[in-house]
Protein chains: 4
Amino acid sequence: MFLTVDSEDKRPLYQQIVDGVKALIASGELREGMGLPSVRQVAGDLGVNLNTIAVAYRQLQAEGLVHVRHGAGTVVSSRHGREVEEEELRKPLRSALTQLILGGRSDREIVTAVRRELKLLHERGGSR
Amino acid sequence: MFLTVDSEDKRPLYQQIVDGVKALIASGELREGMGLPSVRQVAGDLGVNLNTIAVAYRQLQAEGLVHVRHGAGTVVSSRHGREVEEEELRKPLRSALTQLILGGRSDREIVTAVRRELKLLHERGGSR
Amino acid sequence: MFLTVDSEDKRPLYQQIVDGVKALIASGELREGMGLPSVRQVAGDLGVNLNTIAVAYRQLQAEGLVHVRHGAGTVVSSRHGREVEEEELRKPLRSALTQLILGGRSDREIVTAVRRELKLLHERGGSR
Amino acid sequence: MFLTVDSEDKRPLYQQIVDGVKALIASGELREGMGLPSVRQVAGDLGVNLNTIAVAYRQLQAEGLVHVRHGAGTVVSSRHGREVEEEELRKPLRSALTQLILGGRSDREIVTAVRRELKLLHERGGSR
DNA sequence: GTGGTCTAGACCACG
DNA sequence: GTGGTCTAGACCACC
């Protein structure tokens with residue numbers, strides 16, 4: 001699988017997993033009905049504890065992105081009811097933009113960067 | 001001052017202060033050489049522990065955004081020397097965009113939202 | 001048969017079968033002496049592993065709701081002898097009511113909902 | 001505090017804690033803004049592991065019933081946005097009622113029991 | 001002091 | 001085989 005963790009990253013390990021899976025879903029690389037690798041396999045691949053991965057999967061489940069069939073693995077859910085509050089989405093955007101401005105980027109540069117990132121995020125999904 | 005804290009926010013208090021000051025600088029509301037209110041005053045205004053504010057100021061100082069002029073309190077630094085790593089800036093952007101995609105927003109909607117936020121962030125700063 | 005399973009349901013598959021049969025008995029749709037469909041047939045109909053159905057039937061048998069007549073399959077038992085502990089019944093009731101209260105429902109609304117559900121549960125059973 | 005766990009109970013320990021806190025909130029015994037006992041204290045009182053309680057508190061937080069101020073404890077949230085899906089509430093009700101019917105209770109007895117439980121659930125809240 | 005994260009390792013439930 | 005729960009014990013972040 002295409003998940004990575006970085007011990008330098010400030011986010012907790014389990015959150016990195018959550019974000020990684022979210023990114024894979026957002027890009028279309030993981031689609032509805034597809035199975036996620038097992039907790040044990042991810043734990044082995046990344047060299048982290050079983051429980052840590054289990055926590056990540058549980059959070060994904062709680063957010064409705066995946067559902068678990070107990071002895072049978074974890075699969076990507078159909079995404080109905082994912083009505084995220086507008087404000088909830090805007091807060092991280094605002095924060096990221098603030099940092100870019102502080103980094104000296106002009107508005108034009110920022111918009112260009114946004115377009116580039118969007119393209120990258122979609123590209124990995126392939127034949128979508 | 002125009003700083004606020006929200007106990008419902010998931011970020012720690014000190015981080016909210018840091019982000020708030022960053023936003024004020026990014027918008028131009030706080031410019032080079034301008035003084036920040038004293039730790040004591042902010043703590044009093046917000047009803048927060050002195051230590052919490054001190055931690056926030058220390059982090060701003062560590063990031064090179066402000067410096068302490070002895071006897072004169074904390075002032076906003078010049079922007080030189082703050083070369084933030086490109087990757088460091090891109091990570092939160094990517095994360096914010098991922099959430100927007102998962103929230104069902106199209107690329108066009110996202111770019112529009114980015115422009116709107118940029119405008120809002122600048123507006124507060126006035127003549128800049 | 002009128003049993004269904006839902007892979008999105010949080011309950012394990014075998015429990016869904018158990019609950020389904022219980023509901024059929026409670027509504028009168030299945031009465032004393034009537035036969036249940038064979039394990040093999042249910043498994044085929046629902047596209048579920050044989051073992052899973054067998055586990056469900058075993059639990060129903062352990063609870064005294066059905067018994068096995070050799071050569072004749074599984075049949076619904078008479079109700080005698082199934083003295084369920086009062087406390088055992090009250091626990092799930094209390095839990096369900098707690099959730100309704102937390103959901104903002106008033107006592108009157110709850111009682112009304114209870115009556116409606118009772119009616120629905122009986123209706124399916126016909127002449128009873 | 002008035003939380004108990006029962007090793008005979010089929011629910012996992014952490015779920016019993018969650019349900020217990022929910023019941024306390026539903027009854028009004030725990031009101032908005034009131035603090036929950038610390039993870040360590042509950043763990044000590046009940047003789048279970050720290051992590052188990054932490055998992056329970058995290059779930060309560062995820063459901064929006066409490067919010068956590070990192071170094072400062074856990075408090076009951078104001079309850080806006082607790083729009084639970086009607087179906088989500090009805091499922092446990094239906095299941096509980098089914099069991100009561102199977103236990104031989106008549107509809108009248110059941111409604112009476114419901115009223116009694118509702119009264120009990122509210123009574124513990126006192127001056128509400 | 002508070003809660004959060006992580007590890008190691010055990011045992012259970014499900015399919 | 002899958003995921004779920006629990007324990008014991010460690011270390012970190014926040015206030």
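Chain A is the first sequence line, chain B the second, and so forth, proteins listed ahead of strands; every chain is numbered from 1.
Nucleic acid contact class of A:L50 (heavy atoms, under 4.0 Å, all strands): none. Nucleic acid contact for A:Q61: sugar-phosphate only, since backbone atoms but no base atoms lie under 4.0 Å from a heavy atom of the residue. At a threshold of 4.0 angstrom between heavy atoms, the contacts of D:R40 include nucleobase atoms, whether or not backbone atoms are also involved.
Along DNA chain F, the nucleotide nearest to D:T52 and the one nearest to D:A72 differ in position, and the one closer to the 5' end is contacted by D:T52. With the nearest nucleotide of DNA chain F identified for both D:G71 and A:G73, A:G73 has the one nearer the 5' end. Positionally, the nearest nucleotide of DNA chain E for A:N51 lies more toward the 5' end than for the other of A:N51 and C:N51.
Base pairing analysis places F:dC14 opposite E:dG1; the two distances defining the Watson-Crick or G-U wobble pair are each below 3.5 Å.
Interatomic distance, NZ of C:K10 versus CD of C:Q15, reported as 13.5 Å (0.5 Å rounding).
One can place CG of D:N49 at 11 Å from C1' of F:dT5, the figure rounded to the nearest angstrom. In this structure, CD of D:Q41 is placed 12 Å from C1' of E:dG1, rounded to the nearest angstrom. One interatomic measurement links the two molecules: CD1 of D:I17 to C1' of F:dC6, which rounds to 13 Å at whole-angstrom precision. The nearest whole Å value for the distance from the OH atom in A:Y14 to the C1' atom in E:dG4 is 8 Å.
In the set E:dT7, F:dG3, E:dG15, the nucleotide with an atom closest to the side chain of A:V48 is E:dT7. Of the listed nucleotides (E:dT7, E:dT2, E:dC14), E:dC14 has the atom at the smallest distance from the side chain of A:H70.
A salt bridge links A:E87 with A:R94; the closest basic N to acidic carboxylate O contact falls under 4.0 Å.
Between C:L36 and C:V42, the closest side-chain pair of non-hydrogen atoms is not below 4.5 Å. Within the 4.5 Å cutoff, the side chain of D:I53 has no heavy atoms near those of the D:Y14 side chain.
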